[in-house]
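Encoded as structure tokens, the structure appears first; notes follow it.
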Protein chains: 2
Amino acid sequence: MAPEPERTQKSRERILDAAADAFMLHGFRETTIDDVAQSIGATKGLIYYHFRSKLDILLAVYERGMERAEEKVQPHAQDSASPAERLRAMSVAHLVNIMTFLGYHHVIHQAVREQNSAAVKPRQREALDRLNEQRSQFEALFRAVIEEGIAEGSFRDADPALMARTLLSSINAVDNWFRPRADQSAEEIEELAGQIVDLILHGIR
Amino acid sequence: MAPEPERTQKSRERILDAAADAFMLHGFRETTIDDVAQSIGATKGLIYYHFRSKLDILLAVYERGMERAEEKVQPHAQDSASPAERLRAMSVAHLVNIMTFLGYHHVIHQAVREQNSAAVKPRQREALDRLNEQRSQFEALFRAVIEEGIAEGSFRDADPALMARTLLSSINAVDNWFRPRADQSAEEIEELAGQIVDLILHGIR
DNA sequence: GTCTATAAGCCGATAGAC
DNA sequence: GTCTATCGGCTTATAGAC
């Protein structure tokens, strides 16, 4: 538990941020380690000091992204509001987080889609399995609130698992088309996220 | 316009089907031309007889996928039913098509996400632009019906462009998790597609 | 901690035989 | 039309200097 030197932590984070953006912009395989290094004004050597392989960087980005997602959504899952209000708050928090850390979430979706792509070593497979498990627990947060809402009679009586999955993948899909504009404030993003979430939660009627 | 020999056509189609599946399973860049060739019991030579480059295969898959999507959805856009009924019929037709030709649509979404990835030659850039244009006209089909529904008062009064985009990306996102089971009949897929579309169109209430 | 230099493997693409 | 053989370029990862 000895705290790492500050410079070490900072280099690590700069690499993660740069890698997330590069992986989003060009795809994992198309991004070279040299690209990532160059974009933070360093060379390959630095990267390989902090990470054992390119795939390990991807896994670290995945982990950091899930960490933030849970941090933002958890609190709303447990407060005292009604299921409908909680589900909306969770959805907006999740979407705002996606829109704010686009690169990280783009990487997560890439990773989920292309699990069998690269050569995954046993150690990495373990980490990947842990992350996928974390992801399905994240989905369970939403499913639980949906089940409450159904029991209570305020939600439609359909398969909660299908509802949770449809809801989450609809929200996640926003990262396919949303790109922040330079002049867009945090408030504007929150406002847009609210509109989109209402469309998803209430449909078109 | 001289019709090509039958064998030529058939090889071309087998390559497209195999490539779509391989690109879905392993990603575009991770798939080698040797993989595609081997999966149809042929060698690289055959592929390069029919296609000039790997990217050209991707573009051909994209093209074929859009062709089918339009074929299935167009008829429902123009019939005499109400906007709500037409929008549902279009959505179900689109989703069933995605679920049936998963590989093709997975490739389309990959291509859309990673436009700037590979080195795109001018001739290919032209083809890609044409396909993107075709894609936005496909979206316009949905937007037009939504606008009708709003004007008529049966849909919610929100931004039609945002509604169409949210609807389509929600439907498209299904290809991230849906995988057909061997024992799943066409009727069961249609039934599931209907459920999902209703969730997306009407929300959770 | 970070850099330079290089090894080692892989893959897209082509040439030419059949 | 399809196959075999091969080139050339690129990229991950490592070794070792500073």
Side-chain angles (χ1 to χ4, degrees), chain A residues 2-19 22-23 25-61 107 110-111 114 116-124, chain B residues 2-19 22-23 25-61 107 110-111 114 116-124:
Chain A
E4 283 176 342
E6 200 173 315
R7 181 153 61 132
T8 302
Q9 266 301 347
K10 209 149 201 173
S11 281
R12 211 186 122 91
E13 259 183 54
R14 289 180 67 221
I15 293 173
L16 287 187
D17 288 348
F23 292 164
L25 217 59
H26 307 291
F28 175 68
R29 189 61 192 270
E30 284 82 355
T31 302
T32 69
I33 302 268
D34 282 320
D35 291 341
V36 177
Q38 216 171 8
S39 76
I40 57 170
T43 67
K44 266 207 274 259
L46 176 67
I47 311 269
Y48 279 107
Y49 176 77
H50 290 281
F51 297 95
R52 294 170 66 171
S53 75
K54 192 168 122 173
L55 185 55
D56 285 302
I57 305 176
L58 183 100
L59 292 173
V61 171
V107 166
Q110 248 178 244
E114 297 174 22
N116 342 33
S117 295
V120 182
K121 295 195 171 115
R123 160 183 62 86
Q124 298 167 327
Chain B
E4 283 176 343
E6 202 173 315
R7 181 150 65 132
T8 303
Q9 266 301 345
K10 209 151 204 173
S11 281
R12 212 187 120 91
E13 259 183 53
R14 289 181 68 222
I15 294 174
L16 286 186
D17 287 348
F23 292 164
L25 217 58
H26 307 291
F28 174 68
R29 190 61 192 272
E30 285 84 354
T31 302
T32 67
I33 302 268
D34 281 319
D35 291 340
V36 177
Q38 214 171 9
S39 75
I40 56 168
T43 66
K44 266 205 272 257
L46 177 66
I47 311 267
Y48 278 105
Y49 175 76
H50 290 281
F51 297 94
R52 294 172 65 172
S53 78
K54 193 169 132 177
L55 184 56
D56 284 301
I57 304 176
L58 182 99
L59 293 173
V61 171
V107 166
Q110 250 179 243
E114 297 173 22
N116 341 33
S117 296
V120 182
K121 297 193 169 116
R123 161 183 61 87
Q124 298 167 327

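Here is the naming used below: chain letters follow the sequence lines, and residue numbers restart at 1 for every chain. What's counted below: heavy atoms across the whole structure, side chains too, no hydrogens, waters or symmetry copies.
- Within the 4.5 Å cutoff, side-chain heavy atoms of B/Gln124 are placed close to those of B/Val120.
- Side-chain nitrogen and oxygen atoms of B/Tyr49 include none within less than 4.0 Å of the OP1 or OP2 phosphate oxygen of D/dT2.
- Counting only heavy atoms from C-beta outward, the side chains of A/Leu58 and A/Val61 never approach each other to under 4.5 Å.
- At whole-Å resolution of the value, CD1 in B/Ile33 and P in C/dC10 are 17 Å apart.
- A/Ser11 has no side-chain polar atom (N or O) that falls below the 4.0 Å cut-off from OP1 or OP2 of C/dG1.
- Contact annotation: B/Thr8 reaches the phosphate of D/dG1 (side-chain N/O to OP1 or OP2, under 4.0 Å).
- Atom P of nucleotide C/dT6 and atom OH of A/Tyr48 are separated by 18 Å, given to the nearest angstrom.
- Look at CZ on A/Arg52: it is 9 Å from P on D/dT14, rounded to the nearest Å.
- In this entry the distance linking CZ of A/Arg14 with P of C/dG1 reads 15 Å, nearest Å.
- Residue B/Lys44 is the one, among B/Lys44 and A/Glu30, whose nearest nucleotide of DNA chain D lies closer to the 5' end (criterion: closest heavy atom).
- Atom CZ in B/Arg12 sits roughly 17 Å away from atom C1' in D/dT2 (whole-Å rounding).
- You'll find that the side chain of A/Leu46 is closest to C/dC3, out of D/dT14, D/dC3, C/dC3.
- In this structure, A/Arg29 places its CZ atom 9 Å from C1' of C/dC11, rounding to the nearest Å.
- The distance from atom NZ of B/Lys10 to atom P of D/dT2 is 12 Å, rounded to the nearest whole Å.
- Base engagement by B/Thr43 is indicated by at least one non-hydrogen atom pair under 4.0 Å involving a base atom.
- Side chain of B/Ser39 to backbone of B/Ala18: no donor-acceptor contact under 3.5 angstrom is found.
- Separating the CD atom of B/Glu13 from the P atom of D/dG1 is a distance of 15 Å, rounded to the nearest angstrom.
- One N or O on the side chain of A/Asp35 and one on the backbone of A/Thr32 form a donor-acceptor pair closer than 3.5 Å.
- Looking at B/Val36 and B/Ile57, their side chains never come closer than 4.5 Å, going by heavy atoms from C-beta outward.
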